[in-house]
Structures are given as C-alpha cells and as structure tokens.
Protein chains: 2
Amino acid sequence: MLETDKYQYMAEVIKAMAHSSRLLILDKLREREYCVCELQELIGADMSTVSRHLAVLRNAGIIDSRKHNNQVFYSLLCPCVLDIFSCVMEVRKQNGRGLK
Amino acid sequence: MLETDKYQYMAEVIKAMAHSSRLLILDKLREREYCVCELQELIGADMSTVSRHLAVLRNAGIIDSRKHNNQVFYSLLCPCVLDIFSCVMEVRKQNGRGLK
DNA sequence: TGGCTATTTGGCAAAATTGACAATTAGCGC
DNA sequence: GCGCTAATTGTCAATTTTGCCAAATAGCCA
C-alpha cells in the first residue's frame, strides 16, 4: 500500500467518525446493539438523517448491521475505536482550554 | 460538560485529523519537529495550503509551533494521537477489504 | 534601509458534507 | 391481499471544507 493511499484510507475512516452524532452513536454502541429508532430518540434528528450517519459508519467498516424482524440493529465492529475517545480527552486536558 | 458538548468538542478534534495531508503531517511529527517548507516538500501542495492545514491542527490543540529565525517549527503536543493510527489500521484489518 | 526568504492571511471558486422532506422498500400481523 | 411500522434512498438547499493565487507580515543579512 502506497504511503499516499495509506493516509487517504485513514482519512476516510477518521472522517467517518468526525461528527458529534456519529460519536454519540459509537459511544452508545459500546454497551450493546441499538436499532435505528432508539438512536433517533437519542440524537433527536430525522430518522433519515440518523440512517445516513449509520451508513457512513458502516461504509467505513466501523460498525455492522443485522436485521431482526422489521428493525435493523447496529453494533460496533472495532471496539478499539473507543481508544480515540480517551485520546481526544487527553488532547483536551493537554491544552486545557478547549479549542481556541 | 454536557454530553452534547462533549461529542461536539471531540468531533472538532477528530475533524482536525480527518485529512490525508494532516495525517501525513502528524505521522512525520512523531519523529521530530518540522518546519513548514519541509512539510510542503512532502505534501507537494502550495505552501499556503500547508500553512492552513497546520493552523487547523494547532487550533485543535494537537500540535504546537515555535519560531526560530525566519522559520516556524511544528511539533506534536499529544503523541497519543498516534494511537489512532494503529486503531484505524485495525479497522482496516477487521473488514479486510478497505472501504466499500 | 532594502532585498530576500519563510510564513500567514484575504478572497474566491470548486467540491464535499449535512439535514430535512418526500418517496420507496422491507417485514410484520390481520 | 391490506395497513402499519422501521428503515433506506432521491433530491435539494444551506453550510463547510479545500486549495489556489495574490497580498501582507515577519525576520534575516548585507
């Protein structure tokens, strides 16, 4: 894999996480599976919007989906994604004051 | 800090990393400080573009800058950021086939 | 001081992201 | 089959991001 492609690929995955609603989704999925309608409640956006956020995460290979009756349940494929949470919080501690 | 604000803040930091050029910069800075013109060589974009990428990372509190003569050297503030590299590569291994 | 190099900033156009509404698909139970 | 719920997809406007050129700023050295 070319260096350039490596960064390109990584950027795709990271970009998939770079949204507050999608981070909320990932944080929730650390406990258990959630269906779209539950996530919609938590996020408070249109269901179509939530569905698109989920598609972004799924296309990036971060989460997986499974159908049960007429619901779709999403689950975390790579729990390591959550390491990023603590890392980001360390960034925050480091520079104390949040974003400039 | 409200949950909502937490995800918002985290998204800002992650968004700052979500670009192939900025990932290349972070990867380079793991070895040592670099000045803007060195990074420009590596990235191959206009210097003004590189300078803006650096500003994004600095505003997110991920890197720091120091002036020496008429050059500006950038360095990594939070090396933990690099944990994300291995995590993303694990995502890639997990789903094998890169992005769909 | 003036010229030179390194860097940042203003402005702008092209591209990508976001989020809503409406329409469609899929699976349930009657 | 029908109606109902859950979810996805089409379309589109608003916003944000990206990257270049040109102009401005800052620090060197003669």
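Predicted, not measured: the structure shown is a model, and the values here were computed from it. So that the names make sense, note that chain A is the first sequence line, chain B the second, and so on, each numbered from 1.
Atom-to-atom, CG of A/Asn59 to P of C/dT18 comes out at 13 Å; the value is rounded to the nearest Å. Between the CZ atom of A/Arg58 and the P atom of D/dA7 there is a distance of 12 Å, rounded to whole Å. The interatomic distance linking B/Met47 (CE) with D/dA26 (C1') rounds to 14 Å, in whole Å. In this structure, B/Arg66 places its CZ atom 12 Å from P of C/dT7, rounding to the nearest Å. Between the OH atom of A/Tyr74 and the P atom of D/dA6 there is a distance of 15 Å, given to the nearest Å. Note: CG (A/Leu54) to P (C/dT18) measures 13 Å, nearest angstrom.
Between the CD1 atom in A/Ile43 and the CD atom in A/Glu41 there is a gap of 11.0 Å [rounded to 0.5 Å].
Taken residue by residue, residues 15-38 of chain A places heavy atoms nearer than 4.0 Å to DNA chain D at A/Cys35, A/Val36, A/Cys37.
Contact check on A/Arg32 versus A/Glu38 returns a salt bridge, with a Lys/Arg side-chain nitrogen under 4.0 Å from an Asp/Glu carboxylate oxygen.
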Handout entry: Letter per nucleotide, 5' to 3', of nucleotides 20-30 of chain C [B base touched, S only sugar-phosphate touched, - untouched; heavy atoms, 4.0 Å]
Key = BBB----BS--
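For the residue pair B/Asp64 and B/Tyr74, no side-chain donor N or O sits within less than 3.5 Å of a side-chain acceptor on the partner.
In this structure a side-chain-to-backbone donor-acceptor pair under 3.5 Å is missing from B/Asn69 to B/Gln71.
For the pair A/Arg30 and A/Phe85, the cation sits on the ring face: its NZ or CZ lies under 6.0 Å from the ring centre, inside 45° of the axis.
When all heavy atoms of A/Ser20 and B/Ala11 are compared, the pair lying nearest together is N-CB, 3.5 Å.
For C/dT17, the OP1/OP2 oxygens have no side-chain nitrogen or oxygen of A/His53 closer than 4.0 Å.
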